[in-house]
Amino acid sequence: MTTITSGTDTLTRDALTVLQPGFPGTTAPDWLLRRLGEGLASVGLFGRNIASADQLAALTAQLRAERDDVLVAIDEEGGDVTRLEVRTGSSFPGNHALGAVDDVDLTRRVAHELGRRLAECGVNLNWAPSADVNSNPANPVIGVRSFGPDTDLVARHTAAYVTGLQAAGVAACTKHFPGHGDTAVDSHHALPRIDVPADVLSARELVPFRAAIGAGSRAVMSAHILVPALDPVHPATLSRRILTGLLREELGYDGLIVTDGMEMQAIAGTYGIERGSVLAIAAGADAICVGGGLADDETVRRLRDALTAAVRAGDLPEERLADAARRVRELAGWAASAPTAADGAEPEVGLTAARRALRVTGAEGFTPLTEAPYVAALAPVANIAVGDETPWGVAAELARLLPGTSTGSFTGEDAGRAALAAAGERRIVAVVRDEHRHPWMAAALDTLLGARPDTVVVEMGVPQAPPRGALHVATHGAAQVCGRAAAEVLIGG
């Protein structure tokens, strides 16, 4: 049952209500439960909070024992970005694989099954899908998280994903408004800038968000990007022109607006999280996401106090904060009463999608692997959204099919020679991720293929580089299920 501490005033409750904080550990700390009693309405889950489905269900039950309508949010895109299966890799391919198949019913079914599993664990808000059009192939943070570079394809699959997820009783949070696909900078590290005219934005970036709104997306997440054609001064998360003028008034969106993580350097390194949070709410955001990096009671207190102080100083209208809190409570009410999918489970739909997403080049002259190979993973540094704790590649799946398979990870200018030395006489499977973005990776493949032309290449990022190798398999993502689908092809399955 929801219990609000009687001594908590309305202003303080509203300030707590608009926060979506994270926390450490696999059980709820006492301070978090206390804040729920004082008015906190949402929590955000990350990989560190999840050990198993049963543990996650117990955790969300613990939260709801304190507040029955709490919004429990997670960043579960499937594919490369997974929290539910952070230590094993996802059972679902990500957006780029779904876009490669281009079957909107399959996308809806994948999102529904993912939503069903989240709902079973007590999660009712998913910070997904990404509706970004990956128009810049050098994008360091979107890539396979996008359905693709084609605007109409991204729009129809975004709508299908929203529909499937919400049919399972989990609110979708379409991101990153007004579109993060044409950036060359990761907003986890700095403030990206998109310099294109407003008419290009309208015809490209905004189309998938219009589709998401049409599909009834319950939430939209803002991007920490500067778009001078829309607002030359403020990043989208802090821009009234973008959040209120464009999203609310022009596009007619009436759901919850959530910020991307406020501790990301695009905001924290320029405005600071306290001032940034005040400016975001003033601009039209309704919920402040924080907790990927800052996950403690002190952060909650700092942001609560910054919001209440801004109202008292006249820098943030009290009615704007109250309206934001109202929208959070409305979504919490929808999520608490939304019917979950009691049946219709499709446990194999993720594997079905991963298999259909494969693009295989050179199969006509390829001799399938029959002996244990050496898997050389040419590994770039993972971006923060993906994280470095989730395994990727094909080695584990090949080892299951061909016992004795061994593997190593290589990076840098000597990667090719090091991989050759480690492989010895064994057949080499070179696994890459975005070869087109990493000159050292392309050079390593040159070395491997020059010395061992029978090398197999598996591309698990965006397949922009020309296919090469005795066999080239593009998986359109690095989820565990994509590795399994690729491994099946390598043994002739």
Between Asp199, Thr151, Asp182, which is the residue that forms a side-chain hydrogen bond (donor to acceptor under 3.5 Å, both in side chains) with Arg204?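 Answer after filtering Asp199, Thr151, Asp182: Asp182.
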Just how far is it from atom [atom1] of [X] to atom [atom2] of [Y], taken to the nearest 0.5 Å?
X      : Y      : atom1 : atom2 : value
Thr60  : Glu120 : OG1   : CD    : 11.5 Å
Leu256 : Cys173 : CG    : SG    : 7.5 Å
Asn126 : Asp75  : CG    : CG    : 7.5 Å
Leu45  : Leu84  : CG    : CG    : 10.0 Å
Arg145 : His96  : CZ    : NE2   : 13.5 Å
Leu191 : Met264 : CG    : CE    : 10.0 Å

Given the rule in the side-chain contact (heavy atoms from CB on, under 4.5 Å) test, do Phe23 and Thr299 qualify, once you have shown the distances and angles that lead to the verdict? CA-CA 10 Å; Phe23 59 94; Thr299 299; over 6 Å; no
Just wondering, are more than 12 heavy atoms of other shown residues or ligands nearer than 6.0 Å to CZ in Arg437?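 Yes - once you tally the heavy atoms of other residues, nucleotides and ligands closer than 6.0 Å, there are more than 12.
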Start with the C-alpha distance between Phe92 and Glu113, add both sets of side-chain angles, then the distance that settles side-chain contact (heavy atoms from CB on, under 4.5 Å), and finish with yes or no. CA-CA 9 Å; Phe92 301 92; Glu113 177 62 18; 3.6 Å; yes
Would you check, one step at a time, whether the test side-chain contact (heavy atoms from CB on, under 4.5 Å) holds for Leu358 with Thr475? CA-CA 5 Å; Leu358 296 180; Thr475 62; 3.7 Å; yes
Determine the interplanar angle of the Trp127 and Phe46 rings, folded into 0 to 90°, and report it as parallel if under 30°, tilted if 30 to 60°, perpendicular if over 60°.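 Correct class here is tilted.
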Do the rings of Trp440 and His438 sit parallel, tilted or perpendicular, given the 30° and 60° boundaries?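 Aromatic pair Trp440/His438 classed tilted.
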Heavy-atom closest pair, residues Ser222 and Thr237: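 That would be OG-OG1, 2.7 Å.
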Residue pair Thr244 / Glu249, side-chain donor-acceptor N/O under 3.5 Å: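 Glu249 and Thr244 do not have a side-chain donor-acceptor pair below 3.5 Å.
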Determine the sole option in Val432, Val489, Leu490 for which the side-chain contact (heavy atoms from CB on, under 4.5 Å) test with Val458 is passed.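 Only match with Val458 under side-chain contact (heavy atoms from CB on, under 4.5 Å): Leu490.
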Take Arg83 and Glu76 through the test salt bridge (charged side-chain N to carboxylate O under 4.0 Å, His left out) and record every step on the way to the result. CA-CA 6 Å; Arg83 312 304 178 217; Glu76 182 58 53; over 6 Å; no
Step-by-step salt bridge (charged side-chain N to carboxylate O under 4.0 Å, His left out) determination, Arg327 to Asp254: CA-CA 9 Å; Arg327 290 182 188 276; Asp254 194 43; 3.1 Å; yes
